[in-house]
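What follows is a set of notes on a single structure, which appears directly below.
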Amino acid sequence: MYALVDAVAFYASAEKVFDPSIRHKPVVVLTNNDGCICAVCPIARKLNIPKFEAFFKIKNDLKQHNVVVRSSNYELYADLSDRMMNVISRFSDEQHVYSIDEAFLKFNHDFNDWQQYGETIRRTIWRETKLPVGVGFGTTPTLAKAANHAAKKLTGFNGVAIIKTPEQAKLILKQMQLTDVWGIGAKLGKRLALLGLKNAYDLAKQDPKKMRKFHSIVLENTVKELNGITCLSWDDVREDKKEIFSTRSFGQRVTDLFSLNAALVCHADIIGRKLRQQGSTVKKLLIFAHNSQHDVAYIKRSYLYEFPVATSDSLVIANAISRLIHKIYQPQVQFYKCGLGAVELGKENATQLALFEPIKDNPQLMQCYDHINKKYGVGSAFIASSHLTQNWSMKRHYLSPQYTTKWSDIPKIIC
DNA sequence: TCTGGGGTCCTAGGACCC
DNA sequence: TCTGGGGTCCTAGGACCC
């Protein structure tokens, strides 16, 4: 049995935890640089606010409806996510944190009362973090996802749903649209609808082999999973990433080499940390920067660099960036976004050495570096050249306080 | 005045090599 | 009657997820 525990409109709910004054108001949260809407609380959802719409396009509508707008407060969300994941981990020995606001649990035994267990999970998370979650149980990861959808969106479930029997599956899948199924997006949903399929149950009834021919093995597996046949093994679900990207658009356009370098070194730092987290090294690194696709002339500069010896050392990566920056930089281009992608990864303990290349990695230093940042918060220690200029840092005009990670922002109770 | 997220995986197609 | 290799690497773009 699998469970998926997933917060309701996580970013919006996180904003409400320490601010009672907005708890009963419609709240939306914006993406980086206040670009798009990325979280809509249940109250705001009733106003039909579209997710991922550009903020500037609907700014006036939001004002008219007195919608509370917040910039993404990642310091706060990351900390609340940690707390939530900690609580969730108590309910199973096997937990996989799938994203900032959702986690899979695996159970190797059967419970008499999954319903009650789910309610306990919900209640405990609410009591300890004040975050509302939905809990879905299913015999496969895809069914757990479906049950989670039911728990949060369908009437009569109140936050917990279970798919253990074919009857339970039928009841829920019949009420789900094709695109509500994990792995079915807008495009595929449309194509499947043309075949005459109307809901998730119709999809489950398809011949898996035919679905493979129609689209891919991925769809075949989805159909099997909807029928209780596990295809995404626990290891698949938590497999190492095959590529790791760190990209960010700038708060304001960047035209100087110095700033571009600082931003890319920031990404080098992040890429290094993510690599070390999963025990990988990078062999090939994509470095890129571009202006906006909405500009008159879209200019994209990129360079694929191959390390002589694969590395996971943030400083080695940062050093490479500084040597290669001239391959990306172009005067007069008003850069809008830049980033790095580790596109060929290796395993840390199986690195191919080079005959004439000294090893530049300093694992002890990186271990110490990670330790400091884990203990005192990411950013406590950083690469100096990434902080020489921050004039490109992102726009966050509607930022709430960092209630839990910054001394000066701690909530005050006045009696 | 101007504004349009970020991450991962996969594949088609072009370029190049033998 | 019609047909014309096979592999690797890279890029761009599509699709999906949150």
Side-chain angles (χ1 to χ4, degrees), chain A residues 4 6-14 28-40 50-60 69 71-72 74 77 81 97-104 134 141-142 145 148-149 152 178-192 215-219 221-222 232 236-253 266-267 270-271 274 278 280 283-288 290-296 298 300-306 334 336-345 394-398:
Chain A
L4 179 68
D6 178 337
V8 177
F10 179 63
Y11 291 1
S13 298
V28 300
V29 179
L30 308 177
T31 56
N32 282 332
N33 285 319
D34 298 338
C36 296
I37 311 275
C38 73
V40 182
K51 221 174 161 183
F52 297 114
E53 178 62 275
F55 173 52
F56 77 94
K57 286 185 180 170
I58 57 166
K59 202 170 172 178
N60 287 333
V69 176
S71 302
S72 280
Y74 287 109
Y77 309 154
S81 173
V97 177
Y98 178 72
S99 74
I100 191 162
D101 78 321
E102 57 188 316
F104 281 101
T142 306
K145 265 270 190 190
N148 182 277
H149 172 87
K152 297 203 306 193
L178 291 164
T179 49
D180 291 334
V181 176
W182 194 27
I184 311 289
K187 265 274 161 59
L188 196 48
K190 257 185 201 159
R191 284 186 60 211
L192 289 167
H215 186 68
S216 68
I217 189 165
V218 183
L219 185 58
N221 287 341
T222 299
L232 302 165
D236 290 341
V237 174
R238 11 179 254 164
E239 217 173 7
D240 283 347
K241 289 184 178 70
K242 291 172 181 162
E243 54 183 41
I244 293 173
F245 274 74
S246 175
T247 73
R248 205 65 83 231
S249 45
F250 298 117
Q252 53 197 58
R253 300 295 180 111
C266 271
H267 293 302
I270 293 167
I271 292 266
K274 288 184 176 179
Q278 68 168 37
S280 294
K283 182 71 177 159
K284 284 183 187 167
L285 182 73
L286 180 71
I287 310 162
F288 72 89
H290 57 79
N291 61 6
S292 168
Q293 278 172 315
H294 303 281
D295 286 356
V296 180
Y298 179 49
K300 183 169 181 177
R301 308 269 294 165
S302 70
Y303 184 76
L304 188 69
Y305 176 66
E306 181 166 354
Q334 303 211 304
Y336 177 77
K337 182 174 183 171
C338 75
L340 299 177
V343 292
E344 190 184 309
L345 305 185
M394 63 180 151
K395 259 192 298 198
R396 295 203 284 185
H397 290 323
Y398 312 93

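Numbered from 1 within each chain, the chains take letters A, B, ... in sequence-line order.
Using modelled atom types, no side-chain atom of A/E53 and backbone atom of A/I58 make a donor-acceptor pair closer than 3.5 Å. Without hydrogens or angle criteria, A/D6 side chain to A/N148 main chain gives no donor-acceptor distance under 3.5 Å. A donor-acceptor pair under 3.5 Å is absent between the side-chain atoms of A/T31 and the main chain of A/C38, judged by distance alone. Judged purely by atom type and a 3.5 angstrom limit, A/N33 uses its side chain to pair as donor or acceptor with the backbone of A/F250. Between the side chain of A/S292 and the main chain of A/H294, a donor-acceptor pair closer than 3.5 Å is present. Of the possible donor and acceptor atoms, none in the side chain of A/S246 sits under 3.5 Å from a partner among the backbone N and O of A/L340.
Dashed line: the shortest gap from a side-chain N or O of A/T31 to OP1 or OP2 of B/dG4 is not under 4.0 Å. The side chain of A/T247 contributes no N or O atom lying less than 4.0 Å from OP1 or OP2 of B/dG5. Look at A/N32 and you'll find a side-chain N or O under 4.0 angstrom from OP1 or OP2 of B/dG6. Not one side-chain nitrogen or oxygen of A/Y74 sits closer than 4.0 Å to the OP1 or OP2 atom of B/dG5.
Distance CD1 (A/I37) to P (B/dG6): 15 Å, rounded to an integer number of Å. Between A/H397 atom NE2 and B/dC2 atom C1' the separation is 10 Å, expressed in whole Å. When rounded to the nearest whole Å, the span between CG of A/D295 and C1' of B/dG4 equals 11 Å. Here C/dC9 presents its P atom at 12 Å from CG of A/L304, a figure rounded to the nearest Å. Remark: C1' of B/dG7 and CZ of A/R248 are 10 Å apart, rounded to the nearest angstrom. Atom-to-atom, NZ of A/K300 to C1' of C/dC10 comes out at 13 Å; the value is rounded to the nearest Å. If you measure from atom CG of A/L286 to atom P of C/dC9, you get 16 Å, rounded to the nearest angstrom. Distance, A/M394 CE to B/dG5 C1': 10 Å, rounded to whole Å.
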Heavy-atom protein contacts under 4.0 Å, nucleotides 13-18 of chain C, coded B base, S sugar-phosphate only, - none: --SSSB
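Among the heavy atoms of the strands lying under 4.0 Å from A/R253 are primed sugar atoms or P, OP1, OP2 only; no base atom is included. Using a 4.0 Å heavy-atom cutoff across all strands shown, A/K57 reaches at least one base atom of the nucleic acid. Residue A/L30 is out of contact with every strand shown, counting any heavy-atom pair closer than 4.0 Å. A/K284 comes within 4.0 angstrom of sugar-phosphate atoms only, judged by non-hydrogen atoms across all strands, and of no base.
Using N1 to N3 plus N6-O4 or O6-N4 for Watson-Crick, or N1-O2 and O6-N3 for G-U wobble, each under 3.5 Å, B/dC18 pairs with C/dG5.
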Working for side-chain contact (heavy atoms from CB on, under 4.5 Å), residues A/F52 and A/I37: CA-CA 5 Å; A/F52 297 114; A/I37 311 275; over 6 Å; no
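When the nearest nucleotides of DNA chain B are assigned to A/E243 and A/H294 by heavy-atom distance, the more 5′-ward of the two goes with A/H294. The nearest heavy atom of DNA chain B to A/S246 and to A/G35 marks one nucleotide each, and the one closer to the 5' end goes with A/G35.
Residue A/K242 has its side chain nearest to B/dC9 when only B/dC9, B/dG4, B/dG5 are considered.
Taking the charged nitrogens against the carboxylate oxygens, A/E344 and A/K284 do have a contact shorter than 4.0 Å, which makes a salt bridge.
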